[in-house]
Amino acid sequence: MNVVTRFAPSPTGHLHIGGARTAIFCWLMARHYKGQFHLRIEDTDLLRSRQEYTDSILASMKWLGLDWDGELTYQTQRMDLYRQYVNRLLESGQAYWCSCTTEEVDAMRQKAKELGLKPRYNGHCRDLHLGPGEGRCVRLKCPQEGKIVFDDMVKGRIAVDVSELDDMVLQRADGTPTYNMAVVVDDHEMGITHVIRGDDHVSNTPRQILIYRALGFQEPVFGHVPMILGSDGAKLSKRHGARAVIEYEKDGLLPHALVNYLVRLGWSHGDQEIFSLDELVELFDGTHLNPSAARFDVNKLQWLNAHYMRALPVAELARLVRPFATEAGYGELSDERLQGLCTLFRERAKTLVELAAAFAPMLVSAADLAYDEKAVTKNIRPETKERLQALSSVLKDCEPFEAEHLNTVFNDFVKDNNLTFKDIAPALRTALVGFMGGSHLHDIMAFLGREETLARIERTLSL
RNA sequence: GUCCCCAUCGUCUAGUCGGCCCAGGACACCGGCCUUUCACGCCGUCAACGGCGGUUCAAAUCCGCCUGGGGACGCCA
C-alpha cells in the first residue's frame, strides 16, 4: 500500500503531547508501510506564529526520533498556489464572491440561533454573481442537499448532512486562504494518502471533502485520533503540569519512554506494554486505534521511564544524566565516576533528574555531609559508635578496598563480633550517607574510597 | 440551541465479526517473599462491562432509548 502521511503543526506554541502522539502515529504509519512522512508548518496565522516555536517543534521532533522526508513546507510560502485553486473554483462557478461584512454574517448567525437553528451563513451573495472587490471574500458554493459520508480509520463511518454546513469562506478579504482551503490544497499537492490528525478536526472533514470534490481531487483516508485528557478527565491544561514535550525532556524522561507511553495510550497490541521502536514500526499498521479519549497517567509514564533507564547500558545512561548532573552543580565528573554513580542509583530513580539528585551525598566531603536528624538519633548511639570504631580499624587495613571484598570483610566483622546486621548496618549507613537510603553499603564504600569512608565514620563518632 | 463523536477495574487497555469472560494484562494501591536501608525482582489481594429495554438457546460483544463525557458550529488553526 502506498502511504504518505504528514504532521502539520501551527507554530503558535511548543509541541505538546497530544500533537506529539499524532505525529508519532503518522510517522509510524509511514515507516510501517515504507512510505513517506512529511512535515508542514501551518503558519498562516501571522499574528500568533513565531519562528522560535517552529524551532522548538522541530527540536522536539528530533528529540523524539521522528525524522521526516523531504523539505519542510511552510504555508506562507505557497500563497500563490492557494489563490490559483480559488480562482479555478471561481471560474467553474463552484465558488463566489461575497460582499457581506463580518457584522452582517454575525447577525445572520445570531438570528438563526434565536430561531433554534444552526448558526449559518444564509447564502446572501450566492447568486449575486459579484466580482472581486474591496472587502470581498470568496465562498464555496456548497451542495444544498445530501450527506457527506466518510470512513474514518479510527472512528468508523461518519455521516453528516450538508444542511449542517454553510458556504464556507475559502479566501479572506485580504486574499489569504482559510485553513480548510489551504489544508486541502496542500494535502493534495503533497500527495498525502492518509490524513491522521486530532479529534477536534472531525467536524472540519465534511467541509474539506466538499472542497476535494469541487476541485476534483481524490479524497485521502482520514483518521481522527482522540484527544489526551488530564488525569482528572478534563482537557489538558497548565495546571496538569508538563504538557509540552520539551518539559518532559527537562524532567529527565527518556524520549523512547515517552514514545512508548504515548503510542500505548490509544493503541494496543494485545497485552504488550513494552515496545522497541523497531517493534512499533513493524506492528503499527493503523488498526487497533482506540476511538475514545484517554487520560494521561504520569505513574505509568514514569514506570516505563524507570524500565528503560534500567535497560540502558551504563555508559549510555551516564551520557544522558551528565547535563542533569551539571545542572545540579556537581562540577566536573569523569566518565568513570559518573558511570559508578549510575550503577549505584539507577534502580532507585524514575527519571534522570531523580538519578542526578541521588548523587548528591556521594559528592560532598565528609565535613559537608548533611544528616537526617531522625536517622542520627535512632542509629548513632554510644554502643553503635563503639562498633563503628571497631569496624573503622578493620576497614583501615582492608585490601583491596573494593565492593566484593568489602562485603566479605563486613560480613566477617558482623560474625566475629557476634552481632546481627541490625546492630551495625543502620549506623554505618547513617555515617556514610546521612540518611536511611542509598545503595548497598559495600558499593557505597567502594565508590567513596577508603579515605572518605573512614572520614565519614570518624565524623559520626563525634556527633 | 443544533450536529458529530465517545462509554470495560482509580488509570491505560484485552476482549478478531455473540458462547472458551461469574471478564485477561499493565500502572497505581494494599499485603507477602527476598533483604544490611531504599529500590529492583518475585508472589498475591482489591477492583470494571454507566442505566433501562429489545434481538437470541446464549450479549461486555448486535439494536433502541436514557444518562454521562468530549468535540464542533469563525474572513483561528
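Chain letters run A, B, ... following the sequence lines, proteins first and then strands; every chain starts at 1.
In this structure, OG1 on A/T22 lies 10.5 Å from NE2 on A/H224, to the nearest 0.5 angstrom. A/F421 CZ to A/L428 CG: the interatomic distance, rounded to the nearest 0.5 Å, is 11.5 Å. Rounding to the nearest 0.5 angstrom, the gap separating the CH2 atom in A/W267 from the CZ atom in A/F25 is 8.5 Å. Here A/R78 contributes atom CZ and A/Y85 contributes atom OH; the two are 9.5 Å apart, rounded to the nearest 0.5 Å. A distance of 9.5 Å separates CG in A/L28 from CD1 in A/I196, rounded to the nearest 0.5 Å. The line from CZ of A/R50 to OG1 of A/T12 is 10.5 Å long, rounded to the nearest 0.5 Å.
Screening residues 136-162 of chain A for ring pair (Phe, Tyr, Trp, His ring centres under 6.0 Å), with sequence neighbours left out, gives A/F150-A/F222.
If you measure from atom CZ of A/R295 to atom P of B/U8, you get 10 Å, rounded to the nearest angstrom. Between the C1' atom of B/U36 and the CG atom of A/D412 lies a distance of 14 Å, rounded to the nearest Å. Rounded to whole Å, atom C1' of B/G41 lies 12 Å from atom NE2 of A/H440. Between the P atom of B/A14 and the CG atom of A/L289 lies a distance of 10 Å, rounded to the nearest Å. Between A/E273 atom CD and B/A26 atom P there is a gap of 8 Å when expressed in whole angstrom units. Going from atom CZ of A/F435 over to atom C1' of B/A39 covers 12 Å, rounded to whole Å.
Both distances falling under 3.5 Å, in either a Watson-Crick or a G-U wobble arrangement, place B/G31 opposite B/C43. Pair assignment for B/C62 gives B/G54, based on Watson-Crick or G-U wobble hydrogen-bonding distances that are each under 3.5 Å. When both distances must be under 3.5 Å, the Watson-Crick or G-U wobble mate of B/A72 is B/U2. Across all strands shown, the partner of B/A7 is B/U67, judged by Watson-Crick or G-U wobble contacts whose two distances both fall under 3.5 Å. The partner of B/A48 is absent, by the rule that a Watson-Crick or G-U pair needs both atom distances under 3.5 Å. With a cut-off of 3.5 Å on both pairing distances, B/A23 has no Watson-Crick or G-U wobble partner at all.
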Handout entry: Nucleic acid footprint by protein, nucleotides 15-20 of chain B - heavy-atom cut-off 4.0 Å, B for base, S for sugar-phosphate alone
Key = S-----
Handout entry: Sugar-phosphate or base contact per nucleotide [nucleotides 28-35 of chain B; S, B, -; heavy atom under 4.0 Å]
Key = S-------
Exercise for the section: Could you encode protein contacts along nucleotides 69-77 of chain B as a string, one character per nucleotide from 5' to 3', using B for base contact, S for sugar-phosphate-only contact and - for no contact, with a heavy-atom cut-off of under 4.0 Å? Expected result: -SSBBSBBB
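Using a 4.5 Å heavy-atom cutoff, the side chains of A/M362 and A/L448 are in contact. Under the 4.5 Å side-chain criterion, counting only non-hydrogen atoms from C-beta, A/T430 is not in contact with A/T460. Using a 4.5 Å cut-off on side-chain heavy atoms (C-beta onward), A/I209 and A/I148 make contact.
A parallel orientation is assigned to the rings of A/H201 and A/Y179, their planes being inclined by less than 30° (bins at 30° and 60°).
A side-chain donor-acceptor contact under 3.5 Å links A/E279 and A/Q272.
Using a cutoff of 4.0 Å between basic side-chain nitrogens and carboxylate oxygens, A/D167 and A/R120 are not scored as salt-bridged.
Each of A/G266 and A/K155 has a nearest nucleotide on RNA chain B; the 5'-most of these lies closest to A/K155.
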Can you give me the N/O atom pairs linking the protein to nucleotides 44-49 of chain B at distances under 3.5 Å, or say none if there are none?
none

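Contact annotation: side chain of A/D161 to base of B/U2, donor-acceptor pair absent below 3.5 Å.
Of the candidates B/U37, B/C5, B/C6, B/U37 carries the atom nearest the A/R348 side chain, counting heavy atoms from C-beta on. Between B/G25, B/C40, B/U36, one nucleotide has an atom nearer to the side chain of A/N411 than all others, and that is B/U36.
For the pair A/R139 and A/Y121, the distance from NZ or CZ to the six-membered ring centre is under 6.0 Å and the angle to the ring normal is within 45 degrees.
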Only pairs under 3.5 Å count here: list side-chain donor-acceptor contacts from residues 288-302 of chain A, not counting sequence neighbours, and write none if there are none.
residue: A/N290; atom: ND2; partner: A/S292; partner atom: OG; Å: 2.8
residue: A/R295; atom: NH1; partner: A/S231; partner atom: O; Å: 3.3
residue: A/D297; atom: OD1; partner: A/N299; partner atom: N; Å: 3.2
residue: A/K300; atom: NZ; partner: A/E273; partner atom: OE1; Å: 3.2
residue: A/K300; atom: NZ; partner: A/E273; partner atom: OE2; Å: 3.4

